[in-house]
Amino acid sequence: MENFSEWFHDILEEAQITDSRYPIKGMSVWLPYGFQIRKHTLNVYKDLMDVDHDEVLFPMLIPEAELAKEGIHVKGFEDEVYWVTHGGKTELNEKLAIRPTSETSMYPMFSLWVRSHIDLPIKQYQVVNTFRYETKHTRPLIRVREITTFAEAHTVHSSAEECKEQTDESVRIYKAIFDSMGIPYLISKRPEWDKFPGAEYTMAFDTIMPDGKTLQIGTCHNLGTTFAKTFDITFENKEGEHEYAYQTCYGISDRVIAAAIAAHGDEKGLVLPPKIAPKHITIIPIIFKDGAEEVMAKCSEVKEALQAKGIRVQMDTRDIRPGKKFYDWELKGTPLRFELGPRDLKNNIAIIGRRDTGEKIEVNLDDDIAEIVSNLLTSIETDLKAKAWAKLEESVVTVESLDEVAPAVEDEKVVQFYWCGDEECGQAIEEETNVDVLGLREENIETDKVCPHCGKPAKHLALMAKTY
């Protein structure tokens, strides 16, 4: 893709996903087609979370005193918080923060709910809007001031072991989410200076965008007892002693949708994975004066058969040329297109077109069309994922000298390097190369390699990239 940034901006508008003309910078409107994509993305998320999490909804406003309790955490957000200072014309006695994230909203309530080890674990999630006063250049879905699809989970546990197990489980959940959408990812343990404020450690998912920059699409945080000590979340253990609870949190956002759009799109527009496509197949009757009624009747029959099998289907009956319909649904990325005209009907055949490959498949109308379509959707899902992963793997290069970093990044690659793990050394590498250290891809490896900056024995395999 020649100019990804321009393509991405244009496709959001042309495919009617969002409208960024809302009169507040960094806030956009979800249009009906885009909202359907968002809905199906959230369905993927909720289906996985509902297995053993409970969905909840907490208030958006947070008292300043609660936000201020967790100093380390607040420091990570202090320049980004929106404040409510008045109720009508009356100045409030205490400022209220508009949720930048939900720890300081949820955890005071957890402290009221948790009394004994039998109350644990707690596993809750919510899908909410969060607000951050983003000062960098805003981009719809990628860098915004209102995150409209903030899906966050928060858990409470009785031991450090269970807490770590839940963090590992959250990584597995996110793998399943991204795999179902064909989004390739790099998993890394964030360096100390870039972990979530207050966390013991942060595991992050990044995908590589078509311009070579990485986009963080999901994070999983082991919080240890940091927030429990601040918000007094304690429980009585089996021995009758009181101790602090252990916590995790993990979240994804609108960026997941941006990643799916970027991973699969092409010069013709969107290529949507079946899981999140508003419709799996568009039926396009090709109408002439002769045979119009018969074609429409057959198309309706096929539509009903597909719907009966749970396939999301639409029939485009607009009074415009078939070519314009083909163009529109290519642009909007519908996985399959079903074409039927009078001559096709006479020959008892129809054409099914694949959006991802452009392949046109002739099918017999006596065949089980629903089964054919279902199999094609599975094939599309598999092929999109394989193609996206192959591209990601080609985009990661290993370097042994910092002199190799700039040319690699210029070539739109993500850099893999052997690192000693020292924090000062890592920050010096970032300063010298002007490229971000994403984190550790593999920890505590056995190797004879040395750190490219300090020359000490390497302990880890780490990643570097230009980031959004």
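With hydrogens and angles left out, the side-chain atoms of Glu200 and Asn222 include no donor and acceptor closer than 3.5 Å. Using modelled atom types and a 3.5 Å distance limit, the side chains of Glu152 and Gln126 yield a donor-acceptor pair. Side-chain contact of Thr398 with Gln416: a donor-acceptor pair under 3.5 Å is present, judged by distance alone. A donor atom on one side chain and an acceptor atom on the other are not found under 3.5 Å apart for Ser28 and Asp19. Side chains of Asp50 and Tyr125: a donor on one and an acceptor on the other come within 3.5 Å. Using modelled atom types, one finds no donor on one side chain facing an acceptor on the other under 3.5 Å when comparing Gln216 with Arg255. In this model, a donor atom of one side chain and an acceptor atom of the other lie less than 3.5 Å apart for Arg38 and Thr149. Side chains of Glu243 and Asn237: a donor on one and an acceptor on the other come within 3.5 Å. Side-chain atoms of Gln166 and Thr248 include no donor-acceptor pair closer than 3.5 Å. Defined by atom type and a distance below 3.5 Å, a donor-acceptor pair is missing between the side-chain atoms of Thr219 and Arg190. Between the side chains of Thr202 and His221, a donor-acceptor pair is found at a separation under 3.5 Å. For the residue pair Glu103 and Thr101, a side-chain donor N or O sits within less than 3.5 Å of a side-chain acceptor on the partner.
Of the possible donor and acceptor atoms, none in the side chain of Glu236 sits under 3.5 Å from a partner among the backbone N and O of His242. The main-chain N or O of Glu162 is found under 3.5 Å from a side-chain atom of Ser159 such that the two form a donor-acceptor pair. With hydrogens and angles disregarded, no donor-acceptor distance shorter than 3.5 Å links the side chain of His40 to the backbone of Lys275. Put simply, the side chain of Thr18 never gets that close to the backbone of Ser20: no donor and acceptor are under 3.5 Å apart. Side-chain atoms of Arg99 come within 3.5 Å of backbone N or O of Pro59 as a donor-acceptor pair. At distances below 3.5 Å, at least one donor-acceptor pair connects side-chain atoms of Arg312 with backbone N or O atoms of Ala277. Looking only at distances, no side-chain donor or acceptor of Asp383 sits under 3.5 Å from a matching main-chain atom of Ile380. Counting only distance, with no hydrogens or angles, the side chain of Glu404 and the backbone of Glu400 share a donor-acceptor pair below 3.5 Å. Proximity of a side-chain donor or acceptor of His280 to a complementary backbone N or O of Val313 within less than 3.5 Å is not detected.
For residues 451-468, there are no salt bridge (charged side-chain N to carboxylate O under 4.0 Å, His left out) pairs, not counting sequence neighbours.
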### Query
What's the verdict on salt bridge (Lys or Arg N to Asp or Glu O under 4.0 Å) for Arg354 and Asp356, showing C-alpha distance, side-chain angles and the deciding distance?
CA-CA 6 Å; Arg354 284 180 59 151; Asp356 61 326; 2.7 Å; yes
### Task
Just do the side-chain contact (heavy atoms from CB on, under 4.5 Å) check on Ile98 and Trp83 with the steps written out, would you?
CA-CA 6 Å; Ile98 303 177; Trp83 293 100; over 6 Å; no
### Query
When you look at Glu146 and Asn129, which way does the side chain to side chain donor-acceptor pair (under 3.5 Å) test go after all the steps?
CA-CA 7 Å; Glu146 180 182 19; Asn129 295 38; 2.7 Å; yes
### Task
Begin with the C-alpha distance, continue with both residues' side-chain angles, and end with the deciding distance and a verdict on salt bridge (Lys or Arg N to Asp or Glu O under 4.0 Å) for Glu134 and Arg143.
CA-CA 7 Å; Glu134 179 60 66; Arg143 190 171 289 283; 3.1 Å; yes
### Query
What's the verdict on side-chain contact (heavy atoms from CB on, under 4.5 Å) for Phe205 and Thr214, showing C-alpha distance, side-chain angles and the deciding distance?
CA-CA 10 Å; Phe205 287 77; Thr214 60; over 6 Å; no
### Task
Give the C-alpha distance, both sets of side-chain angles, the deciding distance and a yes or no for salt bridge (Lys or Arg N to Asp or Glu O under 4.0 Å) between Arg172 and Glu169.
CA-CA 5 Å; Arg172 288 191 288 272; Glu169 176 61 17; 2.9 Å; yes
### Message
Show, in sequence, the C-alpha distance, side-chain angles and deciding distance for Ser158 and Leu120, and conclude whether the side-chain contact (heavy atoms from CB on, under 4.5 Å) test is met.
### Response
CA-CA 7 Å; Ser158 58; Leu120 301 175; 3.9 Å; yes
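Because its NZ or CZ atom is not both nearer than 6.0 Å to the ring centre of Phe231 and within 45° of the ring axis, Lys69 does not count as a cation-pi partner of that residue.
Crowding of Glu431 atom CD: a count of heavy atoms from other residues, nucleotides or ligands under 6.0 Å not exceeding 12. Heavy atoms from other residues, nucleotides or ligands lying under 6.0 Å from CZ of Phe35 number 12 at most.
When side chains are defined from C-beta on, Ile261 counts as touching Phe8, because their heavy atoms get closer than 4.5 Å. Side-chain contact between Thr467 and Leu438: present, with at least one pair of heavy atoms (C-beta onward) separated by less than 4.5 Å. Under the 4.5 Å side-chain criterion, counting only non-hydrogen atoms from C-beta, Ile142 is in contact with Leu215. For the pair Tyr201/Lys189, a side-chain contact is recorded, criterion being any heavy-atom separation below 4.5 Å from C-beta on. Between Glu432 and Leu402 there is a side-chain heavy-atom pair separated by less than 4.5 Å. Side-chain contact between Glu381 and Lys385: absent, with no pair of heavy atoms (C-beta onward) separated by less than 4.5 Å. Side chains of Phe417 and Val405 form no contact here, defined as non-hydrogen atoms less than 4.5 Å apart. The closest side-chain heavy-atom distance from Phe4 to Lys213 is not below 4.5 Å.
Nearest heavy-atom pair, Val437 versus Glu430, reported as atom, atom and distance to 0.1 Å: N-OE2, 2.8 Å. Of all non-hydrogen atoms in Glu330 and Arg355, the two that sit nearest each other are O-NE, 2.7 Å. Contact record, Lys229 with Tyr244: CA-CE2, 3.6 Å, taken as the closest heavy-atom pair. For the pair Pro273 and His264, the tightest heavy-atom approach, listed with the atom from each and the gap, is CG-CD2, 3.5 Å. Taking both residues in full, the closest heavy atoms of Ser374 and Ile311 are given as N-CD1, 4.3 Å, listed atom of the first, atom of the second, then distance. Among all heavy-atom pairs drawn from Glu192 and Lys195, the shortest one is OE1-NZ, 3.1 Å.
Tyr185 has its ring centre less than 6.0 Å from the ring centre of Trp389. Aromatic ring centres of His154 and Tyr107 lie closer together than 6.0 Å.
Residues forming a salt bridge (charged side-chain N to carboxylate O under 4.0 Å, His left out) with Lys123 (at least two apart in sequence, or on another chain): Asp52.
Ring orientation note: the planes of Trp329 and Tyr33 are tilted relative to one another, at an angle of 30° to 60°. Taking the six-membered ring for Trp and thresholds of 30 and 60 degrees, Tyr174 and Tyr250 have ring planes more than 60 degrees apart, a perpendicular arrangement.
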